[in-house]
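Below is one structure, written out as C-alpha cells, with a few remarks after it.
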Amino acid sequence: MKRVLIITSHRKDRAPNQRFRFEQYLPFLEKNGFQFDFSPLFSESDDKLLYTPGHLSAKLWIGFKAACLRLVNVLKRNEYDIIFIAREGFITGTTFFESLLRKSKAKIIYDFDDAIWHFDVSKANKRMGWLKNPGKTAKLISFADLVFAGNNYLADYAKHHADHVVIVPTTIDTDEYCPVNIAEKPKVCIGWSGSYTTIRHFEMIVPALKKIKQKFGDQIYFKVIGDGNFINDDLGIQGIPWSKEDELMELSEIDIGIMPLPDDEWSKGKCGLKGLQYMALNIATIMSPVGVNSVIIEEGINGFLAGSELEWVEKISVLITNKDLRKQLGAVGRKTVIDKYSVNANKALYLHYFNMLTKLGKS
C-alpha cells in the first residue's frame, strides 16, 4: 500500500472544496492501493469559534493547537509516499510547515480551487486579516511536484510558479447526487445554496428577485441554504443552515437554481460548484457568466447565463412560466455533469496522477 498524508483545514464532510475535489475519490483510490491519513487543523468545536466574531484568546489557542499538529506531521513526513496539501497547511501567512514537509521523501501534490492569491477574509475575522498572506500561494505552488488546479484561470496562474500543473475540475459524485422525488408543489421554488461567507453573492441579485416577486407574487417562493442567519422579509426568506444529512432533500426542493457572482478576480477562480450541484439534481440552472461558469453552461442547452439585472429577471421569468423548459434544461444539465464533471468521468485520471507520482523519484 502506498501511504498518503492529506493536509487540510477541515474534517471530512465539512468543507465543499474538500468534499468535491478529493474526499469523494478516496474510496476509489483506496481500492487501488492507496492508504490515507487525514490531518485536519480544526475540530467541530474549533469551527464554531473560528467563524464567530471575537473570541480572540480562544482563536489563538486554536492556532497553537494547529501548530503542534503540523509539527507532528513534519516529524512523520518520511512515512509517506505522497503528501497532498489542500489550499494551505496552516491558517496564517507562513509557509514554514509546508517548507519542512517538502523536505521529505514524499512527493507533494498541491490542490487549489479558488484565486487564493487575492486577499479575501470572512467578516468574522476581519480584525485578524493581517495574519493572512495571499502571496504565499505562489510559494506553495513552487513547493509542489504536481499542482491540481480547478480551472484554466487557476492553472494559468500556477504555471508561472511550477512546471507541472494539471487541471482537475471540481466534480460531483453522481451516484450519490441523484434527483430526489419531491411531491408536486403549487409554487415554483427559486433557490440558492452557499455559506455564511458567500451570502453576499446572493445579495447581489436581491433587487432582481424583488422584481420577480412583484411580477409573480404567490406563484413563486425563494429558498436560501447555507446561512441560517440570513433573513429577507421582502422576499419571505429565512435561511436554513447546511446539513450533510439533509443536503439532497433540501436542494431537490429547488426548481430554479441560481449562482450569481461578481465579475472580479476572485470569482474568476471559482469552479462552478453550486451550479454543478443544481445540474446534477436535474435543476434548471442560471449562473453569472464569470470564469468557468461560461465553460460549464451552453446557453439555452443545459442552462442559462445572466450578467445583468435585466437578464436575471428575464431568464428566471422564462423558467417560472415554462415547466417543460425547466425539465429539459435540468435533464441536459445532469448529463453534462455525468459526462464531464462527475467522479466517474474523472477518477481514472485522478488515479493516473497518483500512480505517476509514486513511480517518480524525489527530485
Side-chain angles (χ1 to χ4, degrees), residues 4-26 36-42 46-47 50-51 62-63 66-67 69-70 73-74 82-102 106-122 125 128-129 131-151 153-162 164-171 194-198 265-273 291-292 350 353:
V4 181
L5 173 64
I6 298 185
I7 299 290
T8 71
S9 293
H10 300 287
R11 64 196 183 280
K12 286 183 182 178
D13 286 333
R14 156 65 176 82
N17 70 295
Q18 296 177 189
R19 291 175 57 214
F20 295 99
R21 288 199 57 75
F22 59 87
E23 286 180 20
Q24 55 194 356
Y25 288 99
L26 299 187
F36 294 91
D37 287 341
F38 207 85
S39 184
L41 280 180
F42 309 125
D46 292 338
D47 266 351
L50 279 173
Y51 295 101
I62 290 170
L69 173 65
R70 287 293 175 251
N73 294 148
V74 167
I82 293 175
I83 297 175
F84 185 103
I85 301 173
R87 294 172 68 111
E88 61 183 353
F90 201 66
I91 50 176
T92 66
T94 181
T95 59
F96 174 74
F97 299 105
E98 294 95 337
S99 67
L100 292 177
L101 290 171
R102 179 193 187 198
K107 307 295 281 187
I108 304 293
I109 295 177
Y110 179 71
D111 179 273
F112 73 126
D113 66 333
D114 272 321
I116 51 178
W117 64 93
H118 295 297
F119 185 79
D120 188 74
V121 65
S122 68
N125 292 305
M128 301 179 72
L131 289 171
K132 291 276 191 179
N133 174 21
K136 78 174 186 177
T137 305
K139 277 191 175 182
L140 297 180
I141 289 170
S142 72
F143 291 165
D145 297 287
L146 183 61
V147 178
F148 285 1
N151 59 38
Y153 179 75
L154 302 178
D156 287 344
Y157 172 80
K159 287 173 183 176
H160 290 291
H161 308 286
H164 303 292
V165 180
V166 294
I167 295 174
V168 176
T170 296
T171 54
S195 68
Y196 168 80
T197 58
T198 58
E265 295 304 307
W266 177 267
S267 296
K268 287 176 184 176
K270 290 288 182 185
C271 294
L273 174 59
V292 78
Y350 220 100
Y353 290 135

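Throughout, numbering of the chain's residues begins at 1 and tracks the sequence. Model, not experiment: these values are computed from the prediction.
- Side-chain polar atoms of Q24 and T171 form a donor-acceptor pair below 3.5 angstrom.
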- Any chance you could lay out the side-chain contact (heavy atoms from CB on, under 4.5 Å) test for E98 and I85, step after step, and finish with the verdict? CA-CA 8 Å; E98 294 95 337; I85 301 173; 4.0 Å; yes
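- A 4.5 Å side-chain heavy-atom check between L100 and R70 finds every atom pair outside the cut-off.
- When every heavy atom of E23 is checked against every heavy atom of R11, the shortest pair comes out as OE2-O, 4.0 Å.
- Qualifying side chain to side chain contact (heavy atoms under 4.5 Å, CB included) partners for A158, counting only residues two or more places apart in sequence or in other chains: F112, I141, V147, V165.
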- For side-chain contact (heavy atoms from CB on, under 4.5 Å), just list the numbers for V166 and L146, CA-CA rounded to whole Å, side-chain angles, deciding distance to a tenth of an Å, and then say yes or no. CA-CA 8 Å; V166 294; L146 183 61; 4.2 Å; yes
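- More than 12 heavy atoms of other residues, nucleotides or ligands shown are found within 6.0 angstrom of NE2 on H161.
- F84 places none of its side-chain heavy atoms less than 4.5 Å from the side chain of F36.
- Taking 4.5 Å as the limit, some side-chain heavy atom of E88 sits within range of a side-chain heavy atom of K136.
- Here the closest heavy-atom approach between residue P16 and residue L273 is recorded as CB-CD2, 3.5 Å.
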- Stepwise side-chain contact (heavy atoms from CB on, under 4.5 Å) test for Q18 and H10: CA-CA 8 Å; Q18 296 177 189; H10 300 287; 3.7 Å; yes
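- Summarising the geometry of C271 relative to T170, their closest heavy-atom pair is CB-OG1, 3.3 Å, with the distance given to 0.1 Å.
- Between E265 and A115, the shortest heavy-atom contact is O-CB, 3.7 Å.
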- Check the pair T94, T92 against side-chain hydrogen bond (donor to acceptor under 3.5 Å, both in side chains), reporting the backbone distance first and the verdict last. CA-CA 6 Å; T94 181; T92 66; 5.4 Å; no
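- Side chain of N151 to backbone of G269: a donor-acceptor contact under 3.5 angstrom is found.
- Each of I82, L140, I83 was checked for a side chain to side chain contact (heavy atoms under 4.5 Å, CB included) with I108, and the lone residue meeting it is I83.
- Minimum interatomic distance between S39 and L5 (heavy atoms only, all atoms of both residues): CB-CD1, 4.0 Å.
- The side chain to side chain contact (heavy atoms under 4.5 Å, CB included) check on D114 picks up R87, I116, W266, K270, with sequence neighbours excluded.
- A parallel orientation is assigned to the rings of Y350 and Y25, their planes being inclined by less than 30° (bins at 30° and 60°).
- Taking the side chain as every heavy atom from C-beta outward, L154 and D156 never approach each other to under 4.5 Å.
- Here the side chains of L41 and I91 are in contact, with some heavy-atom distance below 4.5 Å.
- Classification of the Y157-W117 ring pair by plane angle, with boundaries at 30° and 60°, yields parallel.
- With rounding to the nearest 0.5 Å, the separation of NZ in K159 from NE2 in H164 is 12.5 Å.
- Closest approach of T8 and A86 over heavy atoms only: CG2-CB, 4.3 Å.
- Looking at I109 and F148, their side chains come closer than 4.5 Å, going by heavy atoms from C-beta outward.
- Outside the 6.0 Å centre-distance limit, the rings of F143 and Y110 are not counted as a close aromatic pair.
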